[in-house]
Enquirer: 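Have a look at this one.
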Amino acid sequence: MTKVEIRIELKKGVADPEGRNTQKTLESLGFTGISKVSTVKLFEIDMDMPAEQAKGVAEDMCRKLLANPVIQNYKISVS
Amino acid sequence: MKPEDVKVCVIRIEGTNCEDEMAGAFEMVGAKAEKVHLKQLLGQAPADMRRSLEDYDILAFPGGFSAGDYVRAGAIFAARIKAGIGSDLKRFIEEGKPVLGVCNGFQILVELGLLPAMEGTMSEVPTAALYNNDSGRFECRPTVLRNDNRGKCIFTSGIKSKQMLSIPSAHAEGKLMSMDPDFVQKLEDNDQIVFRYVCPDGSDAVYPWNPNGSPSDIAGICNPAGNVLGMMPHPERVMTRYTHADWTRNPGPAEGDGYRIFSSVIESLTRN
């Protein structure tokens, strides 16, 4: 079995209100020295196929559903 | 065709919650509206409940949420449609039949690649996104829209150019985004901008009158053919003046500001 991790990140320049809000709240709790908080989404998908094939399928999944190329980048890692 | 012969499919899945108002709005302008679950169109229903998209004259995507809005708002509904009835829907639009998406419905149309669809009817991957409001919050209040369409959109054919309409907004992801730096200009050139948010005095909108930070205050766009409209605010919620927030202070016609959007499309279909 192949374990695929798909990390969906916001593209550079796309505002991250959730991250910004979280940073503000952390700072209000007294945490200092935070320069940035970013939110990412992680999908873990178990696939019954060899790693190389799973990577290709994961690419297709990102294109068809998991990422919107206008606002998001994706990174796929296979183990 | 008479108004009562116009059959409207108000499509829903789990999480859709504005289908009653949407169907009611079409009924108020004389059409025959039916709330149809996607499964009924996919053949995953008892025989007497199965429906076919081609039997309808208008398709409406109501607001609310869909499938928990997991992944992204509207993404799962869009993917299910694409996989199940994608080619039927493409044909429906190419035949010139009107499609309306409100709020989550607009998000679904964008995720489906049906809007802005500057090249072809439906793009393979989305070419725009409706992303989190600049405020980072769910924004829910009356907004003022101006009809900026120059005549292409079938849903505003009975609304005067530059007319202002008070229509409520209620969304968390309504900021229209694209990777193309000339996106707004291209929409403008193609006459695809239908509604812009404005301040009540008609001047350019500032927050909160533009609730989401959309560039050029865009609230609704249509496809290049003009038969697919997506908009964030909810016209189906203001079919009579009594559901406008300030109705006791502003006596006016019985008709609410959303009425004309629905009557325009029915009038265009029944004119011939």
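Residue numbering restarts at 1 for every chain, and letters A, B, ... go by the order of the sequence lines.
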Enquirer: Between B:W209 and B:V198, what is the shortest heavy-atom contact and its length?
Expert: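 The pair with the smallest heavy-atom distance is CB-O, 3.8 Å.
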Enquirer: Find the one option among A:N21, A:I8, A:D16, A:L66 whose heavy-atom pairs under 4.5 Å with chain B are most numerous.
Expert: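 If we count pairs closer than 4.5 Å to chain B, A:L66 comes out on top.
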Enquirer: Is chain B contacted by the side chain of A:L10, its backbone, both, or neither, given a heavy-atom distance below 4.5 Å?
Expert: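 The answer is the side chain of A:L10.
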Enquirer: Measuring heavy-atom distances to chain A, does B:N133 have an atom under 4.5 Å in its side chain, in its backbone, in both, or in neither?
Expert: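 The backbone, not the side chain.
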Enquirer: Considering non-hydrogen atoms only, spot the tightest contact between A:I71 and A:V14 and give its length.
Expert: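 Shortest heavy-atom separation between A:I71 and A:V14 comes out as O-CG2, 3.9 Å.
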Enquirer: For B:A128, is it the side chain, the backbone, both or neither that has a heavy atom under 4.5 Å from a heavy atom of chain A?
Expert: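 Only the backbone of B:A128 comes within 4.5 Å of chain A.
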Enquirer: Compare every heavy atom of B:L38 with every heavy atom of B:R80, then report the nearest pair and how far apart it is.
Expert: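 Smallest interatomic distance, heavy atoms only, reads CB-CD2, 3.7 Å.
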Enquirer: Using a 4.5 angstrom heavy-atom cutoff, name the option from B:A129, B:A75, B:A83 with the most pairs to chain A.
Expert: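 Top count of heavy-atom pairs under 4.5 Å with chain A: B:A129.
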Enquirer: Can you tell which of B:V110, B:D134, B:V71 has the highest number of heavy-atom pairs within less than 4.5 Å of chain A?
Expert: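 Winner by heavy-atom pair count: B:V71.
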Enquirer: Would you tell me whether B:N104 and B:Q107 have side-chain atoms, one donor and one acceptor, within less than 3.5 Å of each other?
Expert: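 Yes - a donor-acceptor pair under 3.5 Å links their side chains.
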Enquirer: Determine the minimum heavy-atom distance between A:Q23 and A:K36, stating which atoms define it.
Expert: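 Shortest heavy-atom contact: OE1-CA, 3.6 Å.
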